[in-house]
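Whatever order the structure lists them in is the order used to number ligands and atoms, beginning at 1. Note that this is a predicted model, so its numbers are computed, not measured. Throughout, residue positions are numbered sequentially from 1 according to the sequence presented.
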Amino acid sequence: MLVIELLEKSRGRYLSGELIAQYCGITRAAVWKQIKSLKEQGYQIESRKGKGYCLANDCDILSQEAISSYLHDPSFQIIVKSEVTSTNDVLKELAQQGYPEKCVLIAQTQTKGKGRKGRSFYSPNDDGLYMSLLLRPKQLKPEDTLLLSALSACAVQSGIKRVTGLDTQIKWINDIYLKGKKVCGILCEGSCSIETNEFDYIIVGIGINCHNTTFPQDIKGIAASLQSASFIRAKLAAAIIADFFKDYQTLPNRDFLSHYRKHSCVIGKMIQVYQGNQTYPAKVLDIDEHGYLIIEKDGHLETLSSGEITIRVKS
Ligand code: BTN
């Protein structure tokens, strides 16, 4: 075991150099060397004579070891990179190379973070959580992909609640809002065979504004972060990954839809629908079993399913 793995498992507690050496099967000198290198990488490790070494509870360095220590499930392959173009794009390449389901790619920063509809996703270093999950859903029908988007939103909403205590809302289909401003966007992309109508892979890309205190001018009025809470991103990543895969395993049962409806900020609200060059007001009645939005428009029921539709909640 690496020294960092052991320190991660014992966050906030002092471990003697001797114990670390024994546990990791290395010499005391080698322990000291690894601790020195970790400190140089920015890890907050306290050293006290007679007590040993302690990794600070609030040390927020995103690392594979930190995430794995909260995940407690070795079947996940967690890859952490300091900088990528887009975690979705890089994971797509890995998917094409044959990487399996449950591979998760996380980056400290993205130079070409992507949002929906060709938009970019603001991805500054150290402030956010940018992660993509690789799925190989053999049974998923293309018409049910919206369910995966809804499931992702549930996992983010519940992960945020568990780790930060903050109550966020889900705006159809998978934006996460805190006090009326967006804190997380999700971009699902996939490759589907025309012959078999089966997915080769799906990438679920999740971008969360965690510690940001400012935003660029163009998104200042609509973006927020989770900075009012004190938490570390590794714990949040692990919570979301665990919640996502728990519901994903029972996707056909659609158990998560009740959670989705409960935390939806659109059900029962008046909205403005934007569809191509058309726009109209409507009332949201419910979300159906496919994740589609059921609306009342001019006294008639209609179902909205397309990702090309934008809605604005009226205040
Ligand atoms: C949106 O709100 O339009 C979706 C934003 C999705 C952003 C995430 S960050 C991780 C992953 N990699 C990307 O390039 N995009 C997604």
Can you pull out the closest protein heavy atom to [atom]? Residue, atom name and distance to 0.1 Å, please.
atom                    : value
atom 8 (C) of ligand 1  : Gly207 N, 3.6 Å
atom 5 (C) of ligand 1  : Phe121 CD1, 3.5 Å
atom 15 (N) of ligand 1 : Lys114 O, 2.7 Å
atom 3 (O) of ligand 1  : Arg116 N, 2.7 Å

- Task: Show your working on side chain to side chain contact (heavy atoms under 4.5 Å, CB included) between Leu62 and Ile67 and close with a plain yes or no.
- Result: CA-CA 7 Å; Leu62 267 175; Ile67 296 160; 4.1 Å; yes
- Query: Do Ser69 and Glu5 pass the side-chain hydrogen bond (donor to acceptor under 3.5 Å, both in side chains) test, and can you show the C-alpha distance, the side-chain angles, and the key distance before you say yes or no?
  - Reply: CA-CA 7 Å; Ser69 74; Glu5 286 177 277; over 6 Å; no
- Using distance alone, with no hydrogens and no angle criterion, decide if Lys112 and Ser86 have a side-chain donor and acceptor under 3.5 Å apart. no
- Note on the structure: Of Leu236, Ile160, Thr164, the one forming a side-chain contact (heavy atoms from CB on, under 4.5 Å) with Cys210 is Leu236
With heavy atoms of [X] as the reference, note each atom of ligand 1 found under 4.0 Å away.
X      : value
Thr87  : 10 (C), 11 (C), 12 (N)
Gly115 : 1 (C), 3 (O), 4 (C), 5 (C)
Met131 : 10 (C)
Gly113 : 14 (O)

Would you say the side chain of [Y] lies within less than 4.5 Å of the side chain of [X], judging by non-hydrogen atoms?
X      : Y      : answer
Gln34  : Ser37  : no
His259 : Gln157 : yes
Leu38  : Leu7   : yes

Test of understanding: given a 4.0 Å heavy-atom threshold, classify the contact between [X] and ligand 1 as side chain, backbone, both, or neither.
X      : value
Gln110 : side chain
Ile206 : backbone
Lys182 : side chain

- Task: Compute both the distance and the angle, then confirm whether Lys51 meets the cation-pi test with Tyr14: under 6.0 Å from the six-membered ring centre, within 45 degrees of the axis.
- Result: yes
- Ignoring angles and geometry beyond distance, decide whether Tyr130 reaches within less than 3.5 Å of ligand 1 through its nitrogen or oxygen atoms.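 N/O-N/O distance under 3.5 Å: no.
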